[in-house]
Amino acid sequence: SIQAADWPGRFEALSRVLDEPYTMNAVLVRTDRGTAGGLHDELKDVPAVASVELREDALQNLQNTLATSMRIMGVASIVFAGVIAFSIIYNVTMVSLGERERELASLRVLGFTQREVGAILFNENFLTGALGLVLGIPAGMAMVWGMMHAFDTEVFRFPFYVAPRTYVI
């Protein structure tokens with residue numbers, strides 16, 4: 001273990017080996033609980049000290065940055081998913097109308113009102129969407145679970161967690 005008294009000699013030796021003047025650009029200090037704030041305030045007033053960072057502040061800043069990034073990506077994903085879902089539903093409905101134009105006209109001739117024909121189309125689209133949700137949610141969960149396990153390494157570990165409000169969104 002290196003004692004504080006040995007530091008100047010070791011720094012001078014390092015300066016000679018590197019053939020550079022002695023400079024110190026970082027110092028990591030472990031403090032007792034509750035004393036970091038006071039040390040931080042004292043070091044900020046020293047002219048030779050360029051910056052002072054507390055581990056807790058750095059960790060909080062990292063968490064805030066990650067949360068903001070995740071929020072932005074989540075909103076972007078939801079917007080894109082909504083646009084794609086609308087496009088698919090619109091496309092399917094228009095194709096269905098185009099293919100079944102004669103059938104729908106026959107229903108009108110048989111006495112169905114425009115509202116009743118619209119209700120038939122709406123119910124078909126609603127059932128298709130409900131079936132898509134029933135099959136899509138478990139398939140999506142399986143994909144997320146697979147991705148989390150694919151990226152699970154010793155360096156990074158992602159938990160498999162889906163918040164209940166995700167289903168509502």
Side-chain angles (χ1 to χ4, degrees), residues 2 7 18 20 23-101 104 114-169:
I2 300 174
W7 289 358
L18 296 175
E20 292 180 359
T23 58
M24 184 182 301
N25 62 5
V27 176
L28 302 176
V29 179
R30 183 180 302 228
T31 62
D32 293 330
R33 288 209 182 272
T35 61
L39 180 62
H40 177 268
D41 293 340
E42 286 182 33
L43 288 175
K44 280 179 62 175
D45 295 335
V46 175
V49 175
S51 70
V52 179
E53 291 184 24
L54 296 176
R55 180 176 174 264
E56 292 80 17
D57 292 344
L59 181 62
Q60 186 63 42
N61 289 338
L62 175 66
Q63 289 175 342
N64 291 342
T65 301
L66 290 175
T68 302
S69 298
M70 288 178 66
R71 200 173 303 113
I72 290 169
M73 289 303 297
V75 168
S77 296
I78 289 170
V79 167
F80 285 132
V83 168
I84 290 171
F86 175 79
S87 300
I88 290 171
I89 292 170
Y90 178 78
N91 239 356
V92 168
T93 303
M94 295 312 290
V95 167
S96 176
L97 280 172
E99 289 177 350
R100 300 174 54 198
E101 192 172 352
L104 297 173
Q114 192 171 0
R115 182 178 214 158
E116 290 171 330
V117 173
I120 290 171
L121 291 173
F122 175 80
N123 289 335
E124 286 178 3
N125 283 336
F126 182 79
L127 288 174
T128 303
L131 182 63
L133 280 175
V134 168
L135 297 176
I137 288 176
M141 296 289 287
M143 278 179 31
V144 170
W145 183 84
M147 287 175 57
M148 292 301 103
H149 281 76
F151 291 108
D152 190 11
T153 65
E154 291 181 18
V155 178
F156 296 106
R157 182 146 303 177
F158 296 105
F160 177 70
Y161 173 73
V162 179
R165 70 184 180 119
T166 302
Y167 297 107
V168 174
I169 293 172

Are the side chains of [X] and [Y] in touch, meaning some heavy atoms are under 4.5 Å apart?
{"X": "Thr35", "Y": "Asp32", "value": "yes"}
{"X": "Leu104", "Y": "Leu121", "value": "yes"}
{"X": "Phe160", "Y": "Met147", "value": "no"}
{"X": "Thr93", "Y": "Glu124", "value": "no"}

Value rounded to 0.5 Å, distance of [atom1] in [X] from [atom2] in [Y]:
{"X": "Arg30", "Y": "Arg55", "atom1": "CZ", "atom2": "CZ", "answer": "9.0 Å"}
{"X": "Ile78", "Y": "Met73", "atom1": "CD1", "atom2": "CE", "answer": "11.5 Å"}
{"X": "Ile120", "Y": "Arg100", "atom1": "CD1", "atom2": "CZ", "answer": "8.0 Å"}
{"X": "Thr166", "Y": "Tyr161", "atom1": "OG1", "atom2": "OH", "answer": "7.5 Å"}
{"X": "Leu62", "Y": "Leu66", "atom1": "CG", "atom2": "CG", "answer": "4.5 Å"}
{"X": "Ile89", "Y": "Ile84", "atom1": "CD1", "atom2": "CD1", "answer": "12.0 Å"}

- Task: Decide yes or no on side-chain contact (heavy atoms from CB on, under 4.5 Å) for Met141 and Tyr167, but give the supporting numbers first.
- Result: CA-CA 11 Å; Met141 296 289 287; Tyr167 297 107; 3.1 Å; yes

Return yes when atom [atom1] of [X] has more than 12 non-hydrogen atoms of other residues, nucleotides or ligands closer than 6.0 Å, and no otherwise.
{"X": "Met148", "atom1": "CE", "value": "yes"}
{"X": "Phe126", "atom1": "CZ", "value": "no"}
{"X": "Gln114", "atom1": "CD", "value": "no"}

- Locate the shortest heavy-atom distance separating Pro138 from Leu133; write the atom from each residue and the value.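 Result for this residue pair: CD-O, 4.2 Å.
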
- Please state whether the rings of Trp145 and His149 are parallel, tilted or perpendicular, taking 30° and 60° as the class boundaries. tilted

- Query: Do the side chain of Ser96 and the main chain of Val92 share a donor and acceptor less than 3.5 angstrom apart?
  - Reply: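 Answer holds: no.
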
